Amino acid sequence: PESRRFLPEVLTATRARPAPEIDIAGYTDRSGRADYNMRLGLRRALAVAKEVEATGVPADAIETKSYGPAQPLVETRNPFEPRNRRVEITVR
């Protein structure tokens, strides 16, 4: 929710590009089963993609994927790390 306020700024820059390509990747922490975390990461990415599409970005310009617990933002022994529960948007 804290990061949601940055989404309009990102999308404004995206719409200014002639043919934007947007990658939206979902991540999780290490708590839970691997298969569940992969699905959860994808649900997070799809939720953000839906918001991006609602602003007028065409669906075919958006690619969603899940990395689950791979590529953590914060390395920790604790499997419950909220900062690793995230979505990253890459605009090309």
Side-chain angles (χ1 to χ4, degrees):
E2 299 158 8
S3 299
R4 182 171 280 164
R5 68 176 186 236
F6 297 109
L7 194 55
E9 181 181 333
V10 170
L11 297 177
T12 299
T14 301
R15 286 191 297 270
R17 294 176 180 258
E21 296 176 20
I22 302 170
D23 291 333
I24 302 176
Y27 299 85
T28 66
D29 61 16
R30 291 178 299 143
S31 63
R33 292 179 30 177
D35 60 331
Y36 174 80
N37 282 334
M38 290 302 290
R39 290 191 309 272
L40 177 59
L42 185 58
R43 282 197 313 268
R44 287 180 176 154
L46 290 170
V48 171
K50 184 177 178 180
E51 289 194 35
V52 171
E53 287 179 46
T55 68
V57 175
D60 62 351
I62 302 169
E63 181 179 335
T64 57
K65 57 189 151 203
S66 173
Y67 290 101
Q71 303 177 16
L73 185 64
V74 178
E75 293 288 345
T76 180
R77 289 182 185 213
N78 184 354
F80 302 96
E81 176 51 64
R83 293 172 291 179
N84 289 334
R85 303 171 191 161
R86 68 194 192 280
V87 173
E88 293 182 355
I89 301 171
T90 303
V91 179
R92 293 187 300 274

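None of the values given here were measured: they were computed from a predicted structure.
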Output the rest of the hydrophobic cluster of Leu73: all Ile, Leu, Val, Met, Phe, Trp and Tyr residues reachable through side-chain heavy-atom contacts under 4.5 Å, sorted by chain and number.
Val74
Check whether more than 12 heavy atoms from other residues, nucleotides or ligands sit under 6.0 Å from atom CD of Gln71, and answer yes or no.
yes
Judged by atom type as modelled, is there a donor-acceptor pair below 3.5 Å linking the side chain of Ser66 to the main-chain atoms of Met38?
yes
Give every residue pair that meets the ring-ring contact (aromatic ring centres under 6.0 Å, His included) criterion with at least one member in residues 27-51, sequence neighbours excluded.
Tyr27-Tyr67
Side-chain heavy atoms of Leu42 within contact of Lys65, under 4.5 Å
no
If you look at every heavy atom in Ala25 and Ala45, which pair is closest and at what distance?
C-CB, 4.2 Å
Under the side-chain hydrogen bond (donor to acceptor under 3.5 Å, both in side chains) test, residues paired with Thr76 that sit two or more places apart
none
Using the test side-chain hydrogen bond (donor to acceptor under 3.5 Å, both in side chains), find all partners of Arg4 that sit at least two apart in sequence or belong to another chain.
Glu51
Which pairs pass ring-ring contact (aromatic ring centres under 6.0 Å, His included) with one or both residues in residues 70-92, sequence neighbours excluded?
none
Checking Ala61 now: which residues fulfil side chain to side chain contact (heavy atoms under 4.5 Å, CB included) with it, not counting sequence neighbours?
Val57, Pro58
Mind checking side-chain hydrogen bond (donor to acceptor under 3.5 Å, both in side chains) for Asn84 and listing every partner two or more places apart, or none if nothing turns up?
none
Could you note down all residue pairs passing ring-ring contact (aromatic ring centres under 6.0 Å, His included) where residues 3-24 supplies at least one of them, sequence neighbours left out?
none
If we ignore hydrogens and angles and just use 3.5 Å, is the side chain of Arg30 paired with the main-chain N or O of Asn78 as donor and acceptor?
yes
Who passes side chain to side chain contact (heavy atoms under 4.5 Å, CB included) against Val48, sequence neighbours left out?
Ile24, Val52, Val87, Ile89
State which residues pass side-chain hydrogen bond (donor to acceptor under 3.5 Å, both in side chains) with Arg33; sequence neighbours excluded, sorted by chain then number.
Asp35
Scan for salt bridge (Lys or Arg N to Asp or Glu O under 4.0 Å) pairs involving residues 79-91, sequence neighbours excluded, and state none if there are none.
Asp29-Arg85, Glu81-Arg83, Arg86-Glu88
